[in-house]
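Numbering starts at 1 and runs along the sequence shown. Order of listing sets the numbers, starting from 1, for every ligand and every atom in it.
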Amino acid sequence: MSALIDQFGRTIEYLRISVTDRCNFRCRYCMPLEGLPWLPKADILSYEEIREVVSQLAVMGLKRIRITGGEPTIRPQLATLVRFIRDVSAVEDIALSTNGVKLPELASELAAAGLDRVNISADSLRADRIVAIARRDLGFEPVAAAMAAERAGLGPIKLNVVVMRGVNDDEVVDFARLTLDHPWHVRYIELMPVGSLEPMTEEMVVPSDELLVRIQDVLGPLASSTGPARGNGPAAYYRLEGAAGSIGVITPMTHTYCGSCNRVRLTADGRLRTCLFGDHEVDLRGPLRAGQPLAPFVHQALADKPQEHALLTHRVGGLRALSQVGG
Ligand code: SAM
């Protein structure tokens, strides 16, 4: 079976699977408060169908999976899907992106099912501010969620912080301080202008170079680091002297890393999306439900994978929210 290589010679080995477009948060930079219609249930791939997609792509070279959403932990029996994917022997790494709300309840069950690790989105360490950003009061405690993941053995644990000037950028140092005592990897993500959301001006983007200077001013020098053992992706990593964990920056707005892109995305309704930004996608649900082999459709998608994303020129296609495609 021919390999997963795109038109620019990039080898694709990483699939991000969105298992739902729904979320229990309404983060102000991600989803509108209302007016975003949910996908009809019948359109959403079943866990058995997702297993079939993974199995067919694994034969072609897929090695790493991330389960995402929407919020994946609100889809019932997520552990069943983890177990299905774990049974595909070519898959070396299964990660989960979550807002962490349900981790204290689910971490050990997911680990037992074969989940390797988690990324937790946490934009603030302050209760009132979490509610102001997420626009839902679910009692989320980022440190407790990370500890639950750690106890369940779901490491390396990454905490993803979307930094917004004037909203949470005064907590950048507090997040970095967590890495002194915990073997966690705090990653700062530059805010991306997506969708028809509450106006997000460019002034709210805090360039990663600026926040690294801020951290060094308070906590001392940062040395370049190799970062976590698994799943380095597009982040550049640093470490504070004597720290147990590391600091990473993900810079879609100020630096591009599309040349080394190794990923594609499966939307909850079964479209293979080859770039987070832009409308490059191919329907896999139709052929899957018709019992057709997926390889020709996957190759068609890869032949169309763009060389780089159009974020910097603000051509982000019809994307209304990252929750729709699995951020
Ligand atoms: N619900 C899961 C979570 O919270 O991780 C998975 C889906 S969420 C869409 C994935 C990631 O996308 C989160 O870390 C979120 O903060 C990030 N994200 C969403 N909208 C963004 C934006 N406009 N700019 C930067 N990151 C964004």
List every atom of ligand 1 that sits less than 4.0 Å from any heavy atom of [X], numbering the atoms from 1 in the order shown and giving each element.
X      : answer
Glu190 : 25 (C)
Gly70  : 1 (N), 2 (C), 6 (C), 7 (C)
Thr68  : 6 (C), 7 (C)
Cys30  : 9 (C), 19 (C), 20 (N)

### Query
Looking only at distance, does Met192 have an N or O less than 3.5 Å from an N or O of ligand 1?
yes
### Message
Please check whether Asn119 reaches ligand 1 - meaning an N/O of the residue sits under 3.5 Å from an N/O of the ligand, judged on distance alone.
### Response
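So ligand 1 has no N or O lying under 3.5 Å from an N or O of Asn119.
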### Query
Could you give the distance from CG (Leu154) to CD1 (Ile94), rounded to the nearest 0.5 Å?
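One finds 11.0 Å between CG of Leu154 and CD1 of Ile94.
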### Message
Looking only at the side chains, is there a donor atom on one of Thr98 and Glu71 sitting less than 3.5 Å from an acceptor on the other?
### Response
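Indeed, the side chains of Thr98 and Glu71 share at least one donor-acceptor pair under 3.5 Å.
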### Crowding at CD, Gln77 (>12 non-hydrogen neighbours, <6.0 Å)
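Check fails, neighbour count at 12 or below.
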### Message
So that I can tick it off, tell me whether Asp87 and Arg51 are bridged by a salt bridge, with the cut-off set at under 4.0 angstrom between side-chain N and carboxylate O.
### Response
no
### Pair Arg177 + Asp174, salt bridge at N-O below 4.0 Å
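The answer is yes: the pair qualifies as a salt bridge.
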#### Entry: Pi-cation contact, Tyr14 with Arg64 (under 6.0 Å, within 45°)
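Satisfied, under 6.0 Å and within 45°.
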### Task
Would you tell me which option among Ala134, Pro72, Ala122, Ser121 has the nearest heavy-atom contact to atom 11 (C) of ligand 1?
Ser121
### Message
Can you tell me which portion of Thr98 lies within the under-4.0 Å heavy-atom range of ligand 1? Options are side chain, backbone, both, or neither.
### Response
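Backbone only.
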